Amino acid sequence: MIAVVQFGGSNCDRDAVRALSDLGFEARRVWHEDPLPEATTGIVLPGGFSYGDYLRGGAMAARSPIMASVREAAEDGVPVLGVCNGAQIGCESGLTPGAFTTNASARFQCEHVYLRVENADTRWTAAYEEGEVIELPIAHGEGRFELDAERYEALEADDRVLFRYCDEDGNVTDEANPNGSLGNVAGVLGDSESVAVLMPHPERASLPQLGNTDGRGVLAGFEG
């Protein structure tokens, strides 16, 4: 069972459950003050505005009671996926490196973007080819990925960048970067391949009736 953690202010938890269910997974929401169910085989930290993004996006949710259990589960190899606000929570809780900060535009960005698959040899990207371009929606005000130079070099050396913002032809350019992210980074792995965060929303591009299913491959990563 995939546990979709619901924080106060989450607004993509139902979207995640529906998209996962459409793929054949058993998924349900778990309130952040409750324990993870014993049957948990995967965890989603969904998008939204947990705690109203007070202090900074994800900072308060990262200290929510359930996150200690999420970190323990991740250490035991349980797959964890953080999306948008969930990506911020993932970074703030130490599941993944870096931080997601205020967009370079200082505006909320809500649009469809193109992503280039940088590493197709992970559970989260195995459905794609390296260099493949997919289209996913974004909706964030704090999506700019930042990391100090030394750790960013290590991130790249370890091939832990999953996606980069690009244009329709796969060119990674400043113009294709919607938020000013370092290296156009849109998604990264944690220390373990089982943990990943990304700012774009795969669950919003997973249902055929929405006209775009490019995100299904990311969610399929829960199959292992």
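Note that this is a predicted model, so its numbers are computed, not measured. Positions are given from 1, in the same order as the sequence printed here.
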Which heavy atom of P35 sits nearest a heavy atom of V30, and at what distance?
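So the two residues come closest at O-CG1, 3.7 Å.
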Which pairs count as ring-ring contact (aromatic ring centres under 6.0 Å, His included) when at least one residue sits in residues 180-217, sequence neighbours excluded?
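ring-ring contact (aromatic ring centres under 6.0 Å, His included) check on residues 180-217 returns no pairs.
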Residues 94-102, side-chain donor-acceptor partners within the protein, below 3.5 Å, at least two apart:
unit_1	atom_1	unit_2	atom_2	d
T101	OG1	R144	O	3.3
T101	OG1	R144	NH2	3.3

Please determine whether the number of non-hydrogen atoms from other residues, nucleotides or ligands lying under 6.0 Å from atom [atom1] of [X] exceeds 12.
X: E129; atom1: CD; value: no
X: E135; atom1: CD; value: yes
X: Q209; atom1: CD; value: yes

Does anything in residues 67-80 pair up under side-chain hydrogen bond (donor to acceptor under 3.5 Å, both in side chains), and if so which pairs, sequence neighbours excluded?
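Those involving residues 67-80 do not exist here.
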Scan residues 154-163 for pairs that pass side-chain hydrogen bond (donor to acceptor under 3.5 Å, both in side chains), counting only residues two or more places apart or in two chains.
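Sorted pair list: Y152-E156, E156-R164, R160-D191.
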Mark yes or no for whether [X], through its side chain, and [Y], through its backbone, hold a donor-acceptor pair below 3.5 Å.
X: N119; Y: L162; value: no
X: N177; Y: G180; value: yes
X: W124; Y: E193; value: yes
X: S181; Y: F145; value: yes

Under the rule for side-chain contact (heavy atoms from CB on, under 4.5 Å), what residues qualify as partners of [X], not counting sequence neighbours?
X: S21; result: V17
X: T173; result: N171, E175, A176
X: A19; result: E203, S206, L219
X: L210; result: L207

Applying side chain to side chain donor-acceptor pair (under 3.5 Å), can you list everything that pairs with [X], at least two apart in sequence or on another chain?
X: S10; value: none
X: Y114; value: none
X: D22; value: R216

Would you mind checking if D148 and R151 are paired as a salt bridge, meaning a charged N to carboxylate O distance below 4.0 Å?
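A salt bridge links R151 with D148.
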Closer than 4.0 angstrom, basic N to acidic O: yes or no for R56 and E92?
yes
Where do S105 and N179 land on the side-chain contact (heavy atoms from CB on, under 4.5 Å) test, with the steps shown first?
CA-CA 7 Å; S105 66; N179 50 36; over 6 Å; no
Counterpart residues, ring-ring contact (aromatic ring centres under 6.0 Å, His included), relative to Y165 (two or more places apart):
none
Walk me through it: do L136 and L115 pass the test side-chain contact (heavy atoms from CB on, under 4.5 Å)?
CA-CA 7 Å; L136 296 181; L115 307 176; 3.6 Å; yes
Of V218, L45, I43, which is the lone residue that meets side chain to side chain contact (heavy atoms under 4.5 Å, CB included) with L81?
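Single pass found, and it is V218.
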Indicate yes or no: at least one non-hydrogen side-chain atom of V195 is less than 4.5 angstrom from one of L189.
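When only atoms from C-beta onward are counted, L189 and V195 do not touch, as no gap falls below 4.5 Å.
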